[in-house]
Amino acid sequence: MAAAGEGTPSSRGPRRDPPRRPPRDGYGVYVYPNSFFRYEGEWKAGRKHGHGKLLFKDGSYYEGAFVDGEIMGEGRRHWAGSGDTFSGQFVLGEPQGYGVMEYKAGGCYEGEVSHGMREGHGFLVDRDGQVYQGSFHDNKRHGPGQMLFQNGDKYDGDWVRDRRQGHGVLRGADGSTYEGQWHSDVFSGLGSMAHCSGVTYYGLWINGHPAEQATRIVILGPEVMEVAQGSPFSVNVQLLQDHGEIAKSESGRVLQISAGIRYVQLSAYSEVNFFKVDRDNQETLIQTPFGFECIPYPVSSPAAGVPGPRAAKGGAEADVPLPRGDLELHLGALHGQEDTPGGLLARGHAPHCPGACQRVEQGCAEFTDVLLGPPPPGYHPFLFLDSLHKKAGGRSRGGLHPRGTPPTTQEPPGGSRPEGRATEEQAAAAHLGEYVLMIRDVTTPPFLGRRLPPAFKHLRVVAKRAGQPPHVLEEGPEASSSWQAAHSCTPEPPAPR
């Protein structure tokens, strides 16, 4: 028993505890008295020197080069609190020089660092996958740099403390490009934009918005524009700013011209020539600023490829094959039709009103050779009845001269034109009456996410007189009273003799 007891200590072997003093030279492990640090690695003259690993009680660590007891040279540092890890150059325990920082939250940085912060030139990928390459100062993007955003936008220009500021170029993922001044991450100062819709703007920007952008569309001309029946005319349009100046800094918006005819609820018998709507083809009413509503009416424009008057007339005749020379029949027979509110609807489908489009140049646009064609197939007009018959001097309602206008000297009573020629031309034109021109901003996609509100112009189609220019601007009480006498819903009393 004694022999066995004596041999027990030797069988366990000597107990090896970490030394209370750091090793002098070579490889060794040392736990500091505060128990927060533990070093395992190379020593020289009682100091950490060479390659080693320093562990912290909270789980952080550094592994790499040591010089005279200090963290110095190439190494890898992990911070348990943030979960971030830096691999690169160290000076006196801090990342200094060049290295790679991996962030627990996502993303990484590769480039120059100073005192543990991004400083100098580097390459940063954030948690959203956005990429920045350029200058840094005090851990922020600062100076010239390029950035690819998550949505595909690309920016190349100046930065100030993580914000785009100074001069820069932004190329949007949608194809839009802005070049100019920035402040606090928005367009600010002088700059130009080429929008993906084709709109261009060059001028002053304030807080990300053009300071001289258009806010409304204006159709030039008198309050009520009068045009001769069957004659083309021009429409001039301007884009205005809030204070009324022309938006000359802006070009490229796409404007579309369309038309409507006044919507009127008529009785079965009326002296006014309006249209009647098929009950199965009711159209949404268009509100106008003139105190009445309208419904769409087709606008012809050869430049836009819209069928001209004769093509539209041919379609109407194909829909209602009627005898030549009878204007009432050319306009659409009313026999057997129900009394419905006035309207313009083709049978089986809504009227196709594509209109003509023009691009704005320095805040202005012009529509030329605009023409209100004949009613398309299925349009059913209310006709001038007894009063028109009397004014025509007993002529049939299918007379060739509206309101009883006699033949001119250029067209002898016998008729030098082929039979029915005048009737065909008149049937191929818009009827006398009240119309509305509409100019809409159809820029696609909308410039900066917003389209301009539509503009309206009150239009009257009047009988064409010999020697009259296509676009007649009649103003004054005489012109107004003469038109109302022929076209208003309530006949005007005769003028005193």
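Quick caveat: nothing in here was measured; it's all calculated off a predicted structure.
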Without swapping roles, check the side chain of [X] against the backbone of [Y] for a donor-acceptor pair under 3.5 Å.
| X | Y | value |
| --- | --- | --- |
| Thr443 | Val254 | yes |
| Gln229 | Ala430 | yes |
| Glu250 | Ala214 | yes |
| Lys57 | Arg38 | no |
| Gln89 | Tyr98 | yes |

(message) Which label fits His142 and His137: parallel for a plane angle under 30°, tilted from 30 to 60°, or perpendicular past 60°?
(response)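 The rings of His142 and His137 sit tilted, inter-plane angle from 30° to 60°.
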
For [X], check salt bridge (Lys or Arg N to Asp or Glu O under 4.0 Å) against everything at least two apart and list the hits.
| X | value |
| --- | --- |
| Asp242 | none |
| Arg216 | none |
| Asp156 | none |
| Glu245 | none |

(message) Going by ring-ring contact (aromatic ring centres under 6.0 Å, His included), name the residues that satisfy it together with Phe66, two or more places apart in sequence or in a different chain.
(response)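 Per chain and number, Phe66 pairs via ring-ring contact (aromatic ring centres under 6.0 Å, His included) with Tyr39, Tyr62.
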
(message) With ring pair (Phe, Tyr, Trp, His ring centres under 6.0 Å) as the rule and sequence neighbours excluded, what pairs involving residues 105-127 come up?
(response)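 Passing the test, one end in residues 105-127: Tyr109-Phe136.
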
(request) Cation-pi check, Arg77 to Phe56: give yes when NZ or CZ is under 6.0 Å from the six-membered ring centre and within 45° of the ring axis, no otherwise. (result)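 So Arg77 does make the cation-pi contact.
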
